[in-house]
Enquirer: 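My structure is below; once you've seen it, I'll send some questions.
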Amino acid sequence: MHKSTADRRELTVIAALTLLIAVMEITGVPSVFFVNIQIADIEPFYFALMANFLIIGATAFLLLRFFCPQWRLGFTKSGLAAGLKGYGILGGAVALIGLIAFCIGLYPFDRQPSAAKVLVEGVIYYVGVAIVEEIYVRGLLLNLIERLLAKRRDSALLAVITSSVIFGAGHIFGTLGQHPLVIVSKVLWTVGMGMFFGMVYKKTCNLWIPVIIHFLVDVCAMPYCFSSMGGYANLTLYILVPVYMVLGVYSFVQMKKA
């Protein structure tokens, strides 16, 4: 097969896989139709979403294995220790700020969840979120955009920016029905977060590093297990939005140095 034809086929498969995973993650399809597990006070839909993560992982593995065997996501030991040393402290610090922001916004807490609820909804679920989102946003989408813009000198930077904007826009679905300020704030801080994850990925060529930092950031939403509040308090937004916007600018500057 001619190289250009093979390249087009590979990029088409990657684009289709990226879209498929995004739809599955946002909608919970197909697991929401057949997974209905009730354990303690854990919300059943978390089990459906986690089952979907397993389906997504299997689907991605099989399609990449048989149709795009040369595509490298970056799940490797190479550069892991150095990458965590270089970016882990900053990522951990931002995650800690997020934890404080959520605690401030949700206080006083009005729930007494079981240990099982905290473990599943506050920890295990976010392991799947971090892995799945980094696979399709950074490992697939970012690399796909960079390949499509390969002739441009700033292709990596544009790929990080574009994938981050899409990453931020994708989080609109989780804020529908809330105040427009909340929606805009969530998009802004998620774009900044995506810029950081994308920069770290391109600097280290290791997908495990953004996965780990992504997990740390997400698991700091654990205070929601102890609160009946479903949205974001203004105080939380006042803290998180500026922090992630600064993080996004920092990431942009780091990419420009490449």
Enquirer: What residues form a side-chain contact (heavy atoms from CB on, under 4.5 Å) with Phe34, not counting sequence neighbours?
Expert: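 Scan of Phe34 (side-chain contact (heavy atoms from CB on, under 4.5 Å), adjacent residues dropped) gives Pro30, Ser31, Ile55.
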Enquirer: Can you give me every donor-acceptor pair (side chain of residues 173-186, partner residue at least two apart or in another chain, under 3.5 Å) with its distance?
Expert:
{"unit_1": "Thr175", "atom_1": "OG1", "unit_2": "Ile172", "atom_2": "O", "d": "2.9"}
{"unit_1": "His179", "atom_1": "ND1", "unit_2": "Leu181", "atom_2": "N", "d": "2.9"}
{"unit_1": "Ser185", "atom_1": "OG", "unit_2": "Leu181", "atom_2": "O", "d": "2.7"}
{"unit_1": "Lys186", "atom_1": "NZ", "unit_2": "Tyr232", "atom_2": "OH", "d": "2.8"}

Enquirer: Could you give the side-chain donor-acceptor pairs of residues 63-88 under 3.5 Å, partners two or more places apart or in another chain?
Expert:
{"unit_1": "Trp71", "atom_1": "NE1", "unit_2": "Gly139", "atom_2": "O", "d": "3.0"}
{"unit_1": "Arg72", "atom_1": "NH1", "unit_2": "Pro69", "atom_2": "O", "d": "2.7"}
{"unit_1": "Thr76", "atom_1": "OG1", "unit_2": "Ser78", "atom_2": "N", "d": "3.1"}

Enquirer: Just jot down the side-chain contact (heavy atoms from CB on, under 4.5 Å) partners of Thr162, sequence neighbours excluded, or say none.
Expert: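 Ile145, Ile166.
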Enquirer: Could you tell me if the ring centre of Phe215 sits under 6.0 Å from that of Tyr126?
Expert: no
Enquirer: Got a sec, which pairs hit salt bridge (Lys or Arg N to Asp or Glu O under 4.0 Å) with one end in residues 131-146, sequence neighbours left out?
Expert: Glu134-Arg138, Glu146-Lys202
Enquirer: With sequence neighbours left out, write down each residue that passes side-chain contact (heavy atoms from CB on, under 4.5 Å) with Leu99, or none if nothing qualifies.
Expert: Leu96, Cys103, Cys220, Pro223
Enquirer: For Asn36, give me all partners under side chain to side chain donor-acceptor pair (under 3.5 Å), at least two apart in sequence or on another chain.
Expert: none
Enquirer: Scan residues 10-38 for pairs that pass salt bridge (Lys or Arg N to Asp or Glu O under 4.0 Å), counting only residues two or more places apart or in two chains.
Expert: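 Checked against salt bridge (Lys or Arg N to Asp or Glu O under 4.0 Å) - neighbours excluded - the pairs reaching residues 10-38 are Glu10-Arg147.
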Enquirer: Would you give me the side-chain donor-acceptor pairs under 3.5 Å for residues 237-253, sequence neighbours excluded?
Expert:
{"unit_1": "Ser251", "atom_1": "OG", "unit_2": "Phe196", "atom_2": "N", "d": "3.4"}
{"unit_1": "Ser251", "atom_1": "OG", "unit_2": "Leu247", "atom_2": "O", "d": "2.8"}

Enquirer: According to the salt bridge (Lys or Arg N to Asp or Glu O under 4.0 Å) rule, which pairs have a member within residues 117-132, sequence neighbours left out?
Expert: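 Matches after skipping sequence neighbours: Lys117-Glu121.
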Enquirer: Give me the other members of the hydrophobic cluster that Leu19 sits in, counting Ile, Leu, Val, Met, Phe, Trp and Tyr linked by side-chain heavy atoms under 4.5 Å, directly or via other members.
Expert: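 Noted: Leu19 shares its cluster with Val23.
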Enquirer: Checking Cys205 now: which residues fulfil side-chain contact (heavy atoms from CB on, under 4.5 Å) with it, not counting sequence neighbours?
Expert: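 Partners of Cys205 by the side-chain contact (heavy atoms from CB on, under 4.5 Å) criterion come out as none, since no residue qualifies.
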Enquirer: For the CD atom on Gln112, are there more than 12 heavy atoms of other groups (residues, nucleotides or ligands in this structure) within a distance under 6.0 Å?
Expert: no
